[in-house]
Amino acid sequence: IVMTQSPDSLALSLGERATINCKSSQSVFHSPTSKSYLAWYQQKPGQPPKLLISWASNRESGVPDRFSGSGSGTDFTLTISSLQAEDVAVYYCQQYYSSLHSFGQGTRLEIK
Amino acid sequence: QVQLLESGGGVVHPGRSLRLSCKGSGFNFSRYSLHWVRQTPTNGLEWVAVISYDGKNDFYAASVRGRFSISRDNSKHTMYLQMDSLRLEDTAVYYCARGAVEATGGEPNDYWGQGTLVTVSS
C-alpha cells in the first residue's frame, strides 16, 4: 500500500491552523472492526518517531488536544488547531492494515 | 518503563553482512510483535520487517526480501536483523519498534528505540 502525503512542507505562523493530508493507494478500513488502520507520527531532529494518533482519530495519551486526526477509507488528515513552536517537526502517516506497514514520505512543518 | 535499545550498527563494505540487535525491557517482550524501520536523510521512514510475538511469522519489504532475515530470542528479550549482501542504499538509521500484542500486525508502533546507524561504503 502506497501512502502519499501533501504538502511536502508547510510554513505557518504561530497560532495558525496546520493541515496535513495523507492518501492511501487502497482502503485501510477494516470492516470487521470498523476501524481505519492509519497512524500519525511526529519526528523531531535527532529523535525517533513518536506516535501521535492511531486508528485515524485516536489521540495517544499525553498528546495535546490541539492535534486531531480525521478521515476514513483512503483519505486522512492531521490537523494542528493552533501551531506552537514545539510543533516544528516532520509528520508521517502510516498504514498498518497490511502486515507490510508503509509510511508516507513525510511533511516538514516549520514556523514562518 | 518500556525501552528498546538497538546495537550492532557500523561501517561495512558493499556485499558484506551485519547483524543488528534490539533488546527490550519494561514490558512483556514475548507478547509483542517487533518491527525494524529504517530512515535515510533523503527517503524518510521505510518499514523493513516484522516478526510475530512467537517468532513464527515474519514479513519483509520488497527492497530487503531475500537479503535480510529477522529473528528473536524471547528468553533474551532480544530481536535481531541479519543483513546480508548489503548495498549502498541500505545506509540508514535502523530503528526497532514495538507492534501488536499477540499478533503479527494490526497495530501501530507505540514505542521506538533510538536507532543504530548502518553505513555501507566502499
Side-chain angles (χ1 to χ4, degrees), chain A residues 1-5 8-9 20 22 24 28-63 69 76 78 89-109, chain B residues 1-6 9 22 24 32-53 56-66 68 70 92-117:
Chain A
I1 299 175
V2 177
M3 308 300 289
T4 305
Q5 292 180 226
D8 289 335
S9 64
I20 299 171
C22 175
S24 57
V28 296
F29 181 77
H30 189 242
S31 298
T33 58
S34 296
K35 291 182 176 181
S36 288
Y37 284 41
L38 189 285
W40 290 97
Y41 296 84
Q42 175 193 65
Q43 188 178 31
K44 297 182 179 181
Q47 296 182 18
K50 173 188 174 183
L51 178 63
L52 291 179
I53 288 172
S54 58
W55 312 110
S57 60
N58 181 65
R59 200 166 41 243
E60 295 297 301
S61 175
V63 174
F76 301 91
L78 174 69
V90 180
Y91 293 84
Y92 295 91
C93 62
Q94 177 204 42
Q95 67 78 21
Y96 46 97
Y97 180 88
S98 164
S99 294
L100 281 63
H101 293 194
S102 51
F103 293 90
Q105 80 276 19
T107 295
R108 184 174 301 276
L109 179 58
Chain B
Q1 70 280 24
V2 174
Q3 288 190 322
L4 296 164
L5 183 62
E6 304 94 338
C22 170
Y32 287 84
S33 66
L34 294 165
H35 299 246
W36 287 101
V37 177
R38 66 186 181 184
Q39 183 166 36
T40 64
T42 53
N43 293 335
L45 295 172
E46 180 186 14
W47 179 85
V48 173
V50 61
I51 187 165
S52 61
Y53 66 101
K56 292 182 178 179
N57 297 295
D58 54 24
F59 296 93
Y60 300 88
S63 58
V64 307
R65 194 174 299 132
F68 289 13
I70 192 171
V93 173
Y94 284 73
Y95 294 101
C96 63
R98 195 175 78 167
V101 177
E102 295 182 351
T104 306
E107 292 186 24
N109 302 115
D110 57 354
Y111 288 92
W112 296 63
Q114 290 298 311
T116 186
L117 176 62

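We use all heavy atoms of the structure for the numbers below, so side chains are in, but hydrogens, waters and symmetry mates are not. So you know, we letter chains A, B, ... as the sequences are listed, proteins then strands, and number each from 1.
Across A:Pro48 and B:Gly113, no two heavy atoms sit closer than the pair CB-O, 3.2 Å. The heavy-atom pair separating A:His101 from B:Trp47 by the smallest distance is O-CB, 3.2 Å. Contact detail for B:Asn109 and A:Leu51: the closest heavy-atom pair is O-CB, 3.8 Å.
For B:Val37, the part lying near chain A is the side chain, with the backbone staying farther off; criterion is any non-hydrogen pair under 4.5 Å. Neither the backbone nor the side chain of A:Tyr97 comes within less than 4.5 Å of any heavy atom in chain B. B:Tyr111 does not touch chain A: none of its heavy atoms, backbone or side chain, sits under 4.5 Å away. Of the atoms belonging to A:Gln95, not a single heavy atom falls under 4.5 Å from chain B.
Of the listed residues (B:Gly106, B:Gly44, B:Ala49), the greatest number of heavy-atom pairs within a distance under 4.5 Å of chain A belongs to B:Gly106. Between chain B and the options A:Ser54, A:Gly106, A:Pro49, A:Gly46, the largest number of non-hydrogen pairs under 4.5 Å is found for A:Pro49. Chosen from A:Ser102, A:Gly104, A:Ser99, the residue pairing most often with chain B at heavy-atom distances under 4.5 Å is A:Ser99. Between chain A and the options B:Gln114, B:Glu46, B:Glu107, the largest number of non-hydrogen pairs under 4.5 Å is found for B:Glu107.
Within 6.0 Å of atom CZ in B:Arg65, more than 12 heavy atoms from other residues, nucleotides or ligands are found, so the atom counts as buried in its surroundings.
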- Message: As a quick check of understanding, evaluate side-chain contact (heavy atoms from CB on, under 4.5 Å) for B:Leu45 and A:Gln94, giving each step before the final call.
- Response: CA-CA 10 Å; B:Leu45 295 172; A:Gln94 177 204 42; over 6 Å; no

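Relative orientation of the A:Tyr41 and B:Trp112 rings is perpendicular, given thresholds of 30° and 60° on the angle between their planes.
Annotation: side chain of A:Phe103 is not in contact with side chain of B:Gln39 (no heavy-atom distance under 4.5 Å).
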